[in-house]
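Read through the structure below, which is laid out as structure tokens, and then see the notes.
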There are 2 protein chains.
Amino acid sequence: MPPYDPSAFPPFAVTVDLVVLTVRHHALCALAVRRGESPFQGRWALPGGFVRPDEDLEQAAARELAEETGLQPQPDDAAPVPGAHLEQLATYGDPKRDPRMRVVSVAHLVLAPDLPAPRPGGDASGVRWAPVETLLSRDEDQSPLAFDHAGILADGVERARSKIEYSSLATAFCPQEFTVGELRRVYEAVWGVALDPRNFHRKVTGTPGFLVPTGGTTTRQGGRPAQLFSAGGATLLNPPMLRPEV
Amino acid sequence: MPPYDPSAFPPFAVTVDLVVLTVRHHALCALAVRRGESPFQGRWALPGGFVRPDEDLEQAAARELAEETGLQPQPDDAAPVPGAHLEQLATYGDPKRDPRMRVVSVAHLVLAPDLPAPRPGGDASGVRWAPVETLLSRDEDQSPLAFDHAGILADGVERARSKIEYSSLATAFCPQEFTVGELRRVYEAVWGVALDPRNFHRKVTGTPGFLVPTGGTTTRQGGRPAQLFSAGGATLLNPPMLRPEV
DNA sequence: CCAAAAGTGTTGTATCTACACCCATGG
DNA sequence: CCATGGGTGTAGATACAACACTTTTGG
């Protein structure tokens, strides 16, 4: 890299923070890590870390995700194999957001299927899935998320809620093969509403390219055997899934 | 600011770049500045600059906008007075996007009404409104936009195109008072399609809170006098404006 | 009078909501 | 046999596309 006068620009630290969402036990949950050091020592925070000198922002986010969870996000244009969806969310750069120094954080959003167990990576002092509602409530053990992470999480949740309206992204929360009912429960957990199972079924099976039947069936949810589907190639839902009034 | 070991993190330069869009002469146009120095000397680029040590990202974007155009963007929750809309677009941090050093750029999107004349600010060597189509075409004087700015501009245009579907943001392209026909021509220019004037009229006047009549009329577009409106308080359009198939 | 743009009415179609109803399994 | 979830049929409401038609100005 050619030399450049470092006094000509103010130096910043650049980090990536991750909003990793999944649906567990009928609730929208986010990944939180316990901070081992000051500031906010002992408080919960979003996973994240410094961007390395030679990696792209998305690479940095994927690396941090793998370090924390073992998940390998899939590029959007790859075949629909099991794996998380990753996209850039927004960038947070308030001068006072980190008391130590000027840090600009590029937040990313990850949508993942329910994972067997959160596998703590390098920092094993504490990793957990927590319901978003808990993490954003006023008194999470009297200690809300560190830094501005509550706001970042809220933005990520809002993005997920709106994106599943007009895209097929909700399938990122499901295992490779899933039933229409399982997909509906994802929508219900993310939106926090109840949907009519019959109209939902018609809607998703009637949208070309959204779901492709695998041929198999399952009774893992009880009741009559349900067809198994995998995510189709379509990414945009037109017309969109309508979110009931709140 | 408390001290922090600078060797613990790699230093980055952080900039803001601006995608400033307006509608002029029935075409969607973006603000471009001529670069006075290397690299890409003499090429067109998006306006932008370094974030200062003590300002927020949005403040930096607003400051650069004012320096380049004299526009004062309005906070979204302010009364609907004339002025531009500003929002964060996305962040670009490819390690090789600036040949001199590692630069992370937080791009912002500005939607502005047609301005009397682009007022060159500090850097007067060249500022112009250019049709987006021209700036993104393969041979803009055999010299496309500098750095990765063509991609940033394309992302900004795509964001504007989709946001006017489900929000009232298209009014940000209009003067304080405007007619339904003028608003329709904004949609037509941004989407590059023709809309049925009659159905459009019904749609926008029938959506509560979108438009509020000012009482006046104008014949500045010729023909029968048209009612003047200003932007109403509503920001979300439900149901959305439907973009015809392309 | 004519062109041009504004605005209203009407008809057919697509899509959604709500709910009655039947199907196939496990216990 | 019954509870549970899967899936289909149908009627009314809403919104939209398409287009005929009237209104009000400037030239």
Side-chain angles (χ1 to χ4, degrees), chain A residues 25-26 164-166 174 177-189 191 193-230 234 236-246, chain B residues 26 164-166 174-175 177-189 191 193-230 234 236-246:
Chain A
H25 314 310
H26 244 239
I164 64 173
E165 284 188 54
Y166 58 89
C174 295
E177 293 197 337
F178 53 90
T179 69
V180 171
E182 287 161 355
L183 182 63
R184 176 172 48 81
R185 280 180 271 277
V186 163
Y187 274 91
E188 291 177 333
W191 283 345
V193 298
L195 300 175
D196 186 305
R198 298 150 305 186
N199 292 335
F200 183 88
H201 185 278
R202 228 192 317 267
K203 172 73 178 171
V204 296
T205 56
T207 301
F210 190 4
L211 301 181
V212 295
T214 65
T217 61
T218 182
T219 61
R220 62 189 176 215
Q221 303 287 346
R224 166 176 166 179
Q227 280 187 88
L228 283 168
F229 295 88
S230 59
L236 256 50
L237 253 50
N238 211 305
M241 184 79 60
L242 289 189
R243 170 156 42 159
E245 309 282 329
V246 209
Chain B
H26 245 237
I164 65 174
E165 284 188 53
Y166 58 90
C174 295
E177 293 197 337
F178 54 90
T179 69
V180 171
E182 287 162 354
L183 182 62
R184 175 172 48 82
R185 281 180 271 277
V186 163
Y187 275 90
E188 291 177 333
W191 284 346
V193 298
L195 299 176
D196 185 305
R198 301 151 300 186
N199 293 335
F200 183 88
H201 185 278
R202 228 192 317 268
K203 171 76 179 170
V204 296
T205 57
T207 301
F210 190 4
L211 301 181
V212 295
T214 65
T217 62
T218 182
T219 60
R220 62 189 177 216
Q221 303 288 346
R224 167 175 167 182
Q227 275 185 268
L228 283 169
F229 295 87
S230 60
L236 255 51
L237 254 49
N238 210 304
M241 184 78 61
L242 289 188
R243 171 157 38 161
E245 309 283 330
V246 213

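Letters A, B, ... mirror the listed sequences (proteins, then strands); counts begin at 1.
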Residue pairs fulfilling salt bridge (charged side-chain N to carboxylate O under 4.0 Å, His left out) with at least one residue in residues 208-228 of chain B, sequence neighbours excluded = E182(B)-R220(B)
List the residues meeting side chain to side chain contact (heavy atoms under 4.5 Å, CB included) with [X], not counting sequence neighbours, and say none if there are none.
X: N238(B); answer: none
X: T219(A); answer: P225(A)
X: P239(A); answer: K203(A)
X: P213(B); answer: Q227(B), F229(B)

With sequence neighbours left out, write down each residue that passes side-chain hydrogen bond (donor to acceptor under 3.5 Å, both in side chains) with R184(B), or none if nothing qualifies.
-> E188(B)
Who are the side-chain hydrogen bond (donor to acceptor under 3.5 Å, both in side chains) partners of T214(B), not counting sequence neighbours?
-> E177(B)
The salt bridge (Lys or Arg N to Asp or Glu O under 4.0 Å) partners of R202(B) (sequence neighbours excluded) come to none
Whole-Å distance, L195(B) CG to dA6(C) P, equals 13 Å
Within this structure, what is the CZ-to-P distance between R185(A) and dT4(D), rounded to whole angstrom?
-> 13 Å
Using only side-chain N and O atoms of H201(A), determine if any of them is under 4.0 Å from OP1 or OP2 of dG6(D).
-> no
What are the two closest heavy atoms between P208(A) and A234(A), and how far apart are they?
-> O-CB, 4.0 Å
Using the C1' atoms of the five pairs at each end, what is the angle between the end axes of the helix from dC1(C)-dG27(D) to dG27(C)-dC1(D), to 10°?
-> 0°
Just jot down the ring pair (Phe, Tyr, Trp, His ring centres under 6.0 Å) partners of Y166(B), sequence neighbours excluded, or say none.
-> none
Heavy-atom protein contacts under 4.0 Å, nucleotides 11-21 of chain C, coded B base, S sugar-phosphate only, - none | -----SBBBBB
What parts of residues 207-226 of chain B reach DNA chain C, counting only heavy atoms under 4.0 Å away?
-> Q221(B), G222(B), G223(B), R224(B), P225(B), A226(B)
